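Structure first, commentary second.
The shown structure was predicted, so the numbers you read here are calculated from the model rather than taken from an experiment.
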Amino acid sequence: MKNNGPTHERIELRSEKIKRIVGSMPKGVTRYGAAVIVVLYLALAVALFLIPYPYGGGESLIEHIFR
């Protein structure tokens, strides 16, 4: 069987439409990823305000840090 060259050379022969699809990250993935990161940081911030500091007499970690 004849080899037509390396794979990257064969991929470059694809149409312009395929190059656009393969060459860029979908905008929805970027937005979804950013939203997940924001939600995780907000959850961490809420946890810092709600979870009591074990050596602080019932105060939260944020209250203990800024006291």
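Cluster membership check: F49 shares its hydrophobic cluster with I65, using side-chain heavy-atom separations under 4.5 Å among Ile, Leu, Val, Met, Phe, Trp and Tyr.
Counting all heavy atoms, side chain and backbone alike, G58 lies closest to P52 at O-CB, 4.2 Å.
One finds the CG atom of L61 at 11.5 Å from the CG atom of L50 (value rounded to the nearest 0.5 Å). Note that CD1 of I62 and CG of L48 are 4.5 Å apart. Values are rounded to the nearest 0.5 Å.
Of the options V29, T30, V36, a side chain to side chain contact (heavy atoms under 4.5 Å, CB included) to Y32 is made by V36 and by none of the others.
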